[in-house]
Amino acid sequence: MLPDERQKKIWDQLWSREISYHWDSLSQTIYDKIMEVTGGIEGKRILEAGSGTGKISLRLAAEHAEVTLVDYSENALYNSRSAFYSAKVPGTFVLSDIREMRLPDQHFDLTWNAGVLEHFEEEERIAILREMKRVTKPGGTMLILTPFAECLPYRAGKEAAEQLGTWMYGMEHPASTLRNQFERCGITLIEESSIGFLDSLDFLDFIRDSQTVKHWLTMWYHRLPEYEKRNVPGYLLVSVGTVGPLPEAAERQCRQPFDDDLSPDEKLSCAQTIISSYHAKRNGSHYLSVYKDEEASYWYPLLPILDSLLVNRGAKVLDIGAAYGTLLMYSVLSGAQAHGLDHMADYWSVELEQDYGIRWSQCNVEAEDIPGNERYDIVLFTEVLEHMNYNPIPVLRKIHDKLMPGGSLLISTPWKRHFAPARHDPDLLDMPYYRIGDGFVDAEMKYYSIDEMYVLAEATNFQVKSLEIYNGHLLAWFLRTQQPGI
């Protein structure tokens, strides 16, 4: 029997059993994500390609979406049709291979599936994605949810079940990213993240006597602050794409200033979505492949401080070492006027200047003056201090001069004790000062201690408002006082 036939037989057997349409935690997790990416589903045409039970599509239909379910299992569609009939909810049911669906071109506002692509090899995944793209309207959304390869409880439970012969889902290849597949299909990737850590704990049931571990993992997760929960790999990798450029509705929504009641997570997600939409047009974007998933792990607790400083619309923000511009975009969407600096232009998207009025300048702040005569309410200096080739005191004096009285400097930098306790770095006050003609190396030159951060503030007449440690990084909030001495 061919692998494809064997997999189809597995699903036919699964769907021949009695199916529960009880609304469970995983269904809620997926439903919440659908509502998040669509902004509401009433009146929209939605396709579930590889629908299985159709449980989530049933709820979408009950909430007045126009849903179509496609599956190659007659048993799956029989169950779905019966459930829809019992609920007196309309739906369209198509018996078809999702690699070649008998559906019109450019028809659906949202095409999605969950727990489907991992059962196919690479070229079959491409065929499925291309077919889903074909039936999606220009500007429509594609949402793919697959088991996340970095989710430990899921991987451990799956491995145990396969070894014990109790795994019932056939071939299943978890994914770390679908970025390459989206690029091959011409789909614009606008978001990739993971959800459902607590849902992943159910896979530990394949391991004997795992209930205590599940209990403690559940308790541990609930005690985490929200900004740490977002760094815990969940059960499902969420890959959100669009056919063509960023949908106008989503772009308009993200262009609007943030509502006051949005959380830092929601604001950050919107800013990253916009940055991603530009980088999706590039080949091999480092932002999409690596940096987007990592950046907040350096400085996330600074966001509530930044929010408190952006309460007054029109605040002036300077980001030194702006890189891809996430914190600039976060600030602009909070109503700020923003200016970014970086010593290299490789990361920057010129379109951000054109579309959002963000000014950007190429500048080496160690060797050059900060351009312009403006003074700022806030200066961002995240993951830059460690790259300073020379003593940073002159740079912080330049920043001091550019800040309004009472202005804030927010800094993140790796903590020496965490990252390189045995490495010999020169003491702050022993570091050489830059002289005209000196060269530069693009590397992490020095890690700083807590004591050195206080010395740095004192030497440049900043007051240390707060200093904390997060993921091995020092997060500092400095306030401008009087003019620094020479």
Side-chain angles (χ1 to χ4, degrees), residues 150 152 176 220 224-233 264 268 272 286-306 319-327 341-344 346-347 364-366 379-396 399 408-434 439-460 462 464-478:
E150 297 177 23
L152 181 58
S176 295
W220 165 77
L224 290 177
E226 288 301 319
Y227 63 81
E228 288 195 29
K229 286 180 180 177
R230 71 193 304 272
N231 292 323
V232 178
L268 178 60
Q272 289 181 323
H286 180 260
Y287 180 76
L288 292 178
S289 62
V290 177
Y291 198 74
K292 177 186 173 185
D293 293 336
E294 293 183 354
E295 58 179 344
S297 68
Y298 308 143
W299 39 251
Y300 184 86
L302 290 178
L303 293 183
I305 298 174
L306 181 57
D319 190 350
I320 298 175
Y324 300 102
T326 301
L327 289 176
L341 303 181
D342 210 301
H343 76 287
M344 59 191 301
D346 295 12
Y347 306 132
N364 182 337
V365 292
E366 291 194 85
V379 174
L380 306 173
F381 201 56
T382 56
E383 303 305 296
V384 177
L385 184 60
E386 66 274 13
H387 293 278
M388 297 283 98
N389 280 219
Y390 303 97
N391 196 301
I393 288 176
V395 172
L396 263 72
I399 293 172
S408 293
L409 169 62
L410 303 183
I411 301 172
S412 72
T413 190
W415 182 28
K416 177 174 173 57
R417 180 179 292 183
H418 179 83
F419 283 96
R423 185 171 112 172
H424 176 70
D425 285 336
D427 290 338
L428 170 64
L429 297 179
D430 293 334
M431 293 178 69
Y433 285 74
Y434 170 76
F440 289 90
V441 176
D442 186 11
E444 294 186 348
M445 305 298 294
K446 171 177 167 58
Y447 294 148
Y448 289 78
S449 67
I450 293 175
D451 288 344
E452 286 178 316
M453 295 298 289
Y454 280 98
V455 171
L456 183 58
E458 184 177 359
T460 54
F462 279 100
V464 180
K465 178 72 171 177
S466 67
L467 181 60
E468 62 178 299
I469 299 166
Y470 172 71
N471 282 345
H473 291 254
L474 298 174
L475 306 184
W477 179 8
F478 289 1

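FYI, the numbering just counts along the sequence from 1. Worth knowing before you read on, the calculation uses all heavy atoms, side chains too, and leaves out hydrogens, waters and symmetry mates.
- Going from atom OG1 of Thr413 over to atom CD of Glu386 covers 3.5 Å, rounded to the nearest 0.5 Å.
- Closest non-hydrogen pair, Gly321 versus Val384, comes out as CA-CG2, 3.8 Å.
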Requested in this report: Kindly indicate, with the supporting measurements, whether the criterion side chain to side chain contact (heavy atoms under 4.5 Å, CB included) is fulfilled by Glu444 and His387.
Outcome: CA-CA 5 Å; Glu444 294 186 348; His387 293 278; 3.5 Å; yes
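- The backbone N or O of Leu429 sits nowhere less than 3.5 Å from a side-chain atom of Asn391 that would complete a donor-acceptor pair.
- Scanning both residues, Thr326 and Gln272, for their nearest heavy atoms gives CG2-CG, 4.0 Å.
- Inter-residue side-chain proximity for Phe381 and Leu396 is flagged as met; some heavy-atom pair is nearer than 4.5 Å.
- In terms of heavy-atom proximity, Tyr433 sits nearest to Pro394 at CD2-CG, 3.4 Å.
- Counting heavy atoms from C-beta on, the side chains of Leu327 and Leu410 never come closer than 4.5 Å.
- Judged by distance alone, the side chain of Ser412 and the main-chain N or O of Glu383 form a donor-acceptor pair under 3.5 Å.
- No side-chain donor-acceptor contact under 3.5 Å links Lys465 to the backbone of Leu409.
- Between the CE atom of Met344 and the CG atom of Asn364 there is a distance of 12.0 Å, given to the nearest 0.5 Å.
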Query raised in the report: Where do Tyr434 and Val395 land on the side chain to side chain contact (heavy atoms under 4.5 Å, CB included) test, with the steps shown first?
Result: CA-CA 10 Å; Tyr434 170 76; Val395 172; over 6 Å; no
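- Using a 4.0 Å cut-off between charged nitrogen and carboxylate oxygen, Glu452 and Lys446 count as a salt-bridge pair.
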Query raised in the report: What do the steps show when you test Asp342 against Asp319 for side chain to side chain contact (heavy atoms under 4.5 Å, CB included), and what is the final call?
Result: CA-CA 8 Å; Asp342 210 301; Asp319 190 350; over 6 Å; no
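- Separating the CE atom in Met453 from the CG atom in Leu467 is a distance of 6.0 Å, to the nearest 0.5 Å.
- A donor-acceptor pair shorter than 3.5 Å cannot be found between the side chains of Glu366 and His343.
- Taken from CD1 in Ile399 to OG1 in Thr460, the straight-line distance is 8.5 Å, to the nearest 0.5 Å.
- For the pair Ser408/Ile305, no side-chain contact is recorded, criterion being any heavy-atom separation below 4.5 Å from C-beta on.
- The OG1 atom of Thr382 lies 10.5 Å from the OH atom of Tyr298; values are rounded to the nearest 0.5 Å.
- Leu428 has its side chain within reach of Pro392: a pair of non-hydrogen atoms, C-beta onward, lies under 4.5 Å apart.
- In this structure, Leu474 and Ile450 have side chains that are in contact, with non-hydrogen atoms separated by less than 4.5 Å.
- A distance of 8.0 Å separates CG of Asp427 from OG of Ser449, quoted to the nearest 0.5 Å.
- Under the 4.5 Å side-chain criterion, counting only non-hydrogen atoms from C-beta, Val379 is not in contact with Phe478.
- For the pair Met445 and Met388, the minimum side-chain heavy-atom distance is 4.5 Å or more.
- Across all their heavy atoms, Ala420 and Tyr447 have their closest contact at CB-CD1, 3.5 Å.
- A distance below 6.0 Å separates the ring centres of Tyr324 and Tyr347.
- Annotation: side chain of Leu385 is in contact with side chain of Leu456 (closest heavy-atom distance under 4.5 Å).
- Remark: of the listed residues Phe419, Tyr300, Tyr448, Trp299, Phe419 is the sole one forming a ring-ring contact (aromatic ring centres under 6.0 Å, His included) with His473.
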